[in-house]
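Working notes, structure below.
On a predicted model such as this, the values are computed, not experimentally measured, just so you know. The residues of the chain are indexed from 1 along the displayed sequence.
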Amino acid sequence: MAVLKVKFTKTKRDKLAQILWILNWVSVATGVILFSLGLFLKIEIKKRSEVMAKGEINSVPNMLISVGVIACIINFLGGKICYDCSDTNKFSRWRLVMLPYIVCTLCFTFCILVGAVMCYTMRNELEESLYLGLRDAIKFYKDTDIPGRCFLKKTIDLLQIGFQCCGNNGFRDWFEIQWISVRYLNMASKEVLDRLKSNVDGKFLVDGVPFSCCNPNSPRPCIQYQLTNNTAHYNYDFLMEELNIWMKGCRQALLDYYTGIMRSIGLTVLIIWLFEISVLIGVRYLQTAMKNVLLLGDPECESDGWLLENSFVETAKYNFSIIKNLGKANQISTVSEMNDPNIDVQTANYGPDNVPSKSIPKAS
């Protein structure tokens with residue numbers, strides 16, 4: 001028994017073909033939207049690639065760009081097919097193409113769903129990439145005179161100002177690295193020498209942060225040095241008072257920013273997927289209805305359209321039996337080749353001038 005069978009008159013078939021023709025052109029526009037969203041996300045990631053470790057974070061934008069291009073091609077072809085379906089004679093040209101087209105489109109819509117899911121599952125990879133990238137970028141903050149790293153100070157400062165953040169996980173990250181270049185340290189100063197000798201690695205570590213960590217909204221002048229020393233500042237308590245620097249780490253700030261973008265993109269892609277599924281269902285109805293018209297031989301008659309010719313269980317069993325028989329056929333072919341008596345039998349290479357002596361009769 002057919003699943004969701006619907007009866008179509010000639011007028012209904014023509015209207016369905018016209019509507020699907022329009023919807024396929026709308027789907028071409030959705031393909032452009034998918035391509036644009038993927039390109040936008042790729043550009044946004046590229047903007048801050050200096051603070052991201054290399055990984056699989058470009059898989060989502062690449063997926064969206066590819067799906068967008070394929071959507072334009074498939075739906076352009078679908079529009080042409082649906083336009084010709086209003087004429088029985090023109091449909092006969094596409095009769096053998098429509099079912100493979102529907103199968104390919106179904107696989108394509110599955111790729112759209114995968115793209116939507118990837119937008120929501122990319123967070124862990126992105127978080128790891130940001131953690132490693134920011135860790136290395138902050139480590140090289142002081143290397144303003146080394147080629148290949150000289151831009152990182154400006155990058156980190158603009159990042160902390162723009163996203164109102166400080167450090168990787170927080171402002172304390174700056175306490176653990178030397179972020180002031182040696183060229184700006186007075187090596188004749190006893191205080192500097194004592195600090196360099198105070199740790200095993202010989203680094204100049206201070207409980208301070210760069211100027212870009214300062215919060216301009218604070219009424220108090222920015223305290224960026226000796227943050228943990230209460231006696232160094234008047235009316236200051238490190239443990240009780242809210243600091244006038246950004247408290248959020250840049251990893252969390254960037255993660256929230258990209259997560260918001262990807263959630264919006266994921267929702268848009270999910271809506272496009274639902275739209276593509278509805279168009280595909282309409283094309284399936286049109287294909288089965290027009291197929292039955294050709295079987296009946298009367299272009300003006302009523303015809304049935306359906307999603308599946310048999311029930312879901314019967315269709316699954318039928319497809320499974322086809323796959324099973326293909327496997328058996330392959331197995332039988334292999335066994336028959338192994339048991340074929342004609343295989344590996346040496347044949348005589350005799351010619352008119354190459355005849356064994358025993359086969360020549362002797363004269364009596």
Side-chain touch [X]/[Y], heavy atoms, less than 4.5 angstrom:
X: Phe211; Y: Ile161; result: yes
X: Ser181; Y: Asp143; result: no
X: Leu255; Y: Glu127; result: yes
X: Val206; Y: Trp179; result: yes
X: Leu270; Y: Leu113; result: yes
X: Ile74; Y: Tyr101; result: yes
X: Phe163; Y: Tyr257; result: yes
X: Asn215; Y: Gln164; result: no

If I compare all heavy atoms of [X] with all of [Y], which pair ends up nearest, and what's the gap?
X: Gly38; Y: Ile65; result: C-CG1, 3.7 Å
X: Pro61; Y: Leu41; result: CD-CD2, 3.9 Å
X: Asn244; Y: Arg220; result: ND2-O, 3.3 Å
X: Gln178; Y: Lys203; result: OE1-CA, 3.4 Å
X: Val114; Y: Met63; result: CG1-CE, 3.9 Å
X: Phe175; Y: Thr228; result: CE1-CG2, 4.0 Å

Quiz prompt | Residues Asp173, Arg135: salt bridge by 4.0 Å N-O rule | solution = no
Exercise. Might you work through the side chain to side chain contact (heavy atoms under 4.5 Å, CB included) test for Val283 and Thr105, ending with a clear yes or no?
Key: CA-CA 10 Å; Val283 173; Thr105 307; over 6 Å; no
Hey, quick one: are [X] and [Y] part of the same hydrophobic cluster, counting side-chain heavy atoms closer than 4.5 Å, chains of contacts allowed?
X: Ile146; Y: Ile156; value: no
X: Leu106; Y: Ile102; value: yes
X: Val117; Y: Tyr120; value: no
X: Ile245; Y: Tyr225; value: yes
X: Val69; Y: Met118; value: no

Quiz item: Taking it one step at a time, do Leu77 and Ile73 satisfy side chain to side chain contact (heavy atoms under 4.5 Å, CB included)?
Solution: CA-CA 6 Å; Leu77 178 61; Ile73 298 172; 5.9 Å; no
Taking [Y]'s backbone N and O only, do any of them form a donor-acceptor pair with [X]'s side chain (distance below 3.5 Å, no angle check)?
X: Ser49; Y: Ile45; result: no
X: Asn292; Y: Asp304; result: yes
X: Trp273; Y: Thr109; result: yes
X: Arg13; Y: Phe8; result: yes
X: Gln224; Y: Val209; result: yes
X: Asn75; Y: Asn24; result: no
X: His233; Y: Leu227; result: no
X: Ser129; Y: Met52; result: no
X: Tyr258; Y: Leu126; result: no

Counting neighbours of [atom1] on [X] that are heavy atoms of other residues, nucleotides or ligands and sit closer than 6.0 Å, is the number greater than 12?
X: Phe275; atom1: CZ; value: yes
X: Tyr83; atom1: OH; value: no
X: Lys42; atom1: NZ; value: yes
X: Phe151; atom1: CZ; value: yes
X: Glu125; atom1: CD; value: yes

Nearest-0.5 Å distance that lies between atom [atom1] in [X] and atom [atom2] in [Y]:
X: Leu280; Y: Gln287; atom1: CG; atom2: CD; answer: 10.5 Å
X: Lys139; Y: Leu152; atom1: NZ; atom2: CG; answer: 12.0 Å
X: Met122; Y: Ser59; atom1: CE; atom2: OG; answer: 6.0 Å
X: Glu50; Y: Leu134; atom1: CD; atom2: CG; answer: 11.0 Å
X: Leu34; Y: Ser66; atom1: CG; atom2: OG; answer: 11.0 Å
X: Leu286; Y: Lys12; atom1: CG; atom2: NZ; answer: 14.5 Å

Quiz item: Please walk me through it: do Glu176 and Leu205 pass side chain to side chain contact (heavy atoms under 4.5 Å, CB included)?
Solution: CA-CA 7 Å; Glu176 301 171 0; Leu205 305 180; over 6 Å; no
Practice problem: Using the six-membered ring wherever Trp is involved, compare the ring planes of Tyr141 and Trp174 and label them parallel, tilted or perpendicular (cut-offs 30° and 60°). | Solution: perpendicular
Self-check item: Sulfur-sulfur distance Cys166/Cys250 under 2.5 Å
Solution: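 Unbridged: Cys166 and Cys250.
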Exercise. Run the numbers on Cys119 and Val60 for side chain to side chain contact (heavy atoms under 4.5 Å, CB included), then give the verdict.
Key: CA-CA 7 Å; Cys119 289; Val60 174; 3.8 Å; yes
Quiz prompt | salt bridge (charged side-chain N to carboxylate O under 4.0 Å, His left out), paired with Asp256, selected from Arg263, Arg251, Lys248 | solution = Lys248
Quiz prompt | Within the 6.0 Å centroid threshold, strictly below: Phe76 and Trp25 | solution =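 Ring centres of Trp25 and Phe76 closer than 6.0 Å.
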